[in-house]
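Inspection log for the structure reproduced underneath, given as structure tokens.
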Amino acid sequence: MKTVFSLLHSRRAVKTELDGGVLIEPHEKPSRAETILARVKGQALGEILEPEEFGLDPIRRVHSADYVEFLEHCWTDWLAAGKPGEAIPAVWCGRGMRARVPKDIDGRLGYYSFAAETSISDGTWEAARASANVALTAQKLVAGGERAAFALCRPPGHHAHADLFGGYCFFNNAAIVAQAFRDQGAQRVAILDVDFHHGNGTQAIFYQRRDVLTLSLHGDPDLVFPHFLGFEDETGEGEGEGYNLNLVYPPGTPYAVWSQGLETACQRIAGFQPDALVVALGVDTFEEDPISFFKLKSDDYLTLGQRLQRLGLPTVFTMEGGYDVDAIGVNAVNVMQGFDR
Ligand code: Q9C
Ligand code: ZN
């Protein structure tokens, strides 16, 4: 399988993540991508390609123009306002308040976000753009006849809504890929999210649509991020009713249990008969992940890849979460190798 990767990911290197009332070194850091790339090379998974430049149009098919513009200028606006640290949202439009875009940068940071752990600094815009280009290049490979491609995206994307950043995400790479397939003539596309966290952004973007089926297996949002979306009674709305599936699991869930949900999801995908599949691949389901509570083991990712391969669909993998441990490289590449064999 071919991998798409851009060194521009390293332009996103914030110093801070608000966690537990203190600013820690971010979990979502540059070494994540280097670790995974090293494993891709070490296993000779396949050719490694630089992304092409797709411009902002395919991003704007999923994200609002004002949100994209906000992200482009956020850091310089923050600096111009004389702020001493990194840009961190600290105020939101609470219940009963007015959802209008303020002029002030503090107000706009809150308007365009849903969480405060995701700091912004110099280079975030460039890295997020490159990450979307990585995803779109993988989409182009698969649209051009490759059975599958690995978009080694960083920053990740699945938490980003049409006009909200958070959960380490800015542009929803998986959604951008699905929309690109649709715009190139695919009738139906499925997005399967196997990251530990609910793919809230992806769900929200396609919630009222039946052309893109969204499915997510994740930790119970009653207990973990993103807390306010991802419950099993969210099944889609209007035209999209019946085209969103959430499968929620408790702390300690091993592959033997998680894989039953995977089977349910795969059967739903097969019944949908999509023209393409996008897999939002987080490996924070791993037993040693520092911010998660599932108990998947490294070999389980091979089995996951094999199951996805059996769907028989043109498939784009977008890299999402997975933190701190060296095994994120093994685990992510195991999915690809399980798929390839
Ligand atoms: N104490 C992805 O996996 N909350 N994002 C972290 C840590 C935010 C995860 C709390 C988690 C976001 C792409
Ligand atoms: Zn995650």
Side-chain angles (χ1 to χ4, degrees), residues 1 36 39 43 45 147-148 150 156 158 174 189-200 202-203 213-225 230-235 243-274 276-323 325 327-341:
M1 192 182 311
I36 298 167
R39 183 69 180 177
Q43 294 295 104
L45 180 66
R147 168 67 200 280
F150 178 29
H158 74 146
V189 182
I191 306 178
L192 173 62
D193 191 319
V194 297
D195 186 279
F196 169 77
H197 303 93
H198 175 235
N200 57 291
T202 316
Q203 171 176 314
L213 172 69
T214 49
L215 315 94
S216 182
L217 280 68
H218 48 268
D220 185 350
D222 233 356
L223 307 176
V224 283
F225 190 89
F231 301 92
E232 291 190 346
D233 63 354
E234 298 158 14
T235 55
Y243 292 85
N244 184 74
L245 178 68
N246 287 329
L247 296 170
V248 163
Y249 294 95
T253 298
Y255 189 75
V257 173
W258 186 89
S259 60
Q260 294 171 21
L262 177 68
E263 196 51 42
T264 302
C266 285
Q267 284 170 21
R268 178 74 185 90
I269 291 167
F272 181 62
Q273 296 186 264
L277 172 67
V278 185
V279 179
L281 174 65
V283 293
D284 40 8
T285 47
F286 185 51
E287 56 182 345
E288 289 170 40
D289 191 274
I291 66 169
S292 308
F293 59 53
F294 289 170
K295 295 287 170 235
L296 272 62
K297 298 177 183 299
S298 288
D299 282 351
D300 296 332
Y301 295 94
L302 284 167
T303 315
L304 166 59
Q306 284 164 0
R307 181 63 188 93
L308 297 173
Q309 188 279 136
R310 285 204 284 122
L311 285 167
L313 295 165
T315 302
V316 174
F317 293 89
T318 62
M319 195 66 222
E320 304 288 350
Y323 304 99
V325 290
I328 63 171
V330 175
N331 297 345
V333 174
N334 272 0
V335 176
M336 309 308 150
Q337 292 185 304
F339 191 100
D340 273 350
R341 72 164 63 136

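Side chains included, hydrogens not; waters and symmetry mates left out as well; all remaining heavy atoms used.
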Open item on the list: Here's a test for you: under side chain to side chain contact (heavy atoms under 4.5 Å, CB included), which of Thr285, Val194, Val330 qualifies with Tyr301?
Closed with: Thr285
Open item on the list: Are Val279 and Val316 packed together at the side-chain level, in the sense that at least one heavy-atom pair is separated by less than 4.5 angstrom?
Closed with: no
TODO: Establish, from distance only, whether the side-chain atoms of Thr235 and Tyr243 form a donor-acceptor pair under 3.5 Å.
DONE: no
Open item on the list: Using every non-hydrogen atom in the two residues, find where Ala332 and Met319 come nearest and quote the distance to one decimal.
Closed with: CB-SD, 4.1 Å
Task: side-chain hydrogen bond (donor to acceptor under 3.5 Å, both in side chains), paired with Glu234, selected from Thr214, Asn200, Asn244, Asn246 - done: Asn246
- [ ] I would like to know whether Tyr255 and Thr303 meet side chain to side chain contact (heavy atoms under 4.5 Å, CB included); could you show each step before the answer?
- [x] CA-CA 10 Å; Tyr255 189 75; Thr303 315; 3.7 Å; yes
Task: Closest contact, heavy atoms only, Phe293 versus Pro250 - done: CE1-C, 3.5 Å
Task: Check: Phe294 ring centroid to Phe196 ring centroid under 6.0 Å - done: yes
- [ ] Return the minimal non-hydrogen interatomic distance between Ala174 and Ala280, and the atom names on each side.
- [x] CB-CB, 4.4 Å
- [ ] Enter the distance from Glu263:CD to Arg268:CZ here, rounded to the nearest 0.5 Å.
- [x] 14.5 Å
Open item on the list: Checking side chain to side chain contact (heavy atoms under 4.5 Å, CB included) between Ile269 and each of Leu245, Ile191, Leu192, which is the one that passes?
Closed with: Leu192
- [ ] Measure across Phe272 and Val189 and return the closest heavy-atom pair with its distance rounded to 0.1 Å.
- [x] CE2-O, 3.4 Å
Open item on the list: So does Tyr249 get a backbone contact from the side chain of Thr253, meaning a donor-acceptor N/O pair under 3.5 Å?
Closed with: no
TODO: Might you work through the side chain to side chain contact (heavy atoms under 4.5 Å, CB included) test for Thr318 and Leu281, ending with a clear yes or no?
DONE: CA-CA 6 Å; Thr318 62; Leu281 174 65; over 6 Å; no
TODO: Could you give me the CA-CA distance, side-chain angles and deciding distance for Cys266 and Leu311, then say whether side chain to side chain contact (heavy atoms under 4.5 Å, CB included) is met?
DONE: CA-CA 7 Å; Cys266 285; Leu311 285 167; 4.0 Å; yes
- [ ] Could you tell me which non-hydrogen atom of Phe286 sits nearest to which non-hydrogen atom of Leu296, and how far apart they are?
- [x] CD1-O, 3.2 Å
Do any side-chain atoms of residues 333-341 form donor-acceptor pairs under 3.5 angstrom with protein atoms, and if so which ones, sequence neighbours left out?
from, atom 1, to, atom 2, distance (Å)
Asn334, ND2, Ser298, O, 3.0
Gln337, OE1, Gln43, NE2, 3.4
Asp340, OD2, Met1, N, 2.8

Task: For Glu287, all residues meeting salt bridge (charged side-chain N to carboxylate O under 4.0 Å, His left out), sequence neighbours excluded - done: Lys297
Open item on the list: Let me confirm one number: the CD-CG distance from Gln267 to Leu262, rounded to the nearest 0.5 Å.
Closed with: 10.0 Å
Open item on the list: Going by the rule side chain to side chain donor-acceptor pair (under 3.5 Å), which residues pair with Asp284 if we only count those two or more places apart in sequence or in a different chain?
Closed with: His197
- [ ] Measure the shortest side-chain to side-chain distance between Pro314 and Leu277 over non-hydrogen atoms and say whether it is less than 4.5 angstrom.
- [x] no
Task: Nearest atoms (heavy-atom pairs only) where Gly230 meets His218 - done: O-NE2, 2.7 Å
Open item on the list: Using a 3.5 Å distance criterion without hydrogens, assess whether the side chain of Arg147 forms a donor-acceptor pair with backbone atoms of Leu313.
Closed with: yes
TODO: Please determine, by modelled atom types, if Gln203 and Asp193 share a side-chain donor-acceptor pair under 3.5 angstrom.
DONE: no
Task: Flag side-chain contact, heavy atom, 4.5 Å: Trp258 against Asp300 - done: no
Open item on the list: Donor-acceptor pair, distance only, cut-off 3.5 Å: does the side chain of Asp220 make one with the backbone of Val248?
Closed with: no
TODO: Working to the nearest 0.5 Å, report the span between CG of Asn331 and CG of Asp299.
DONE: 9.5 Å
Open item on the list: Working to the nearest 0.5 angstrom, can you tell me the gap between Glu288 CD and Ile328 CD1?
Closed with: 12.0 Å
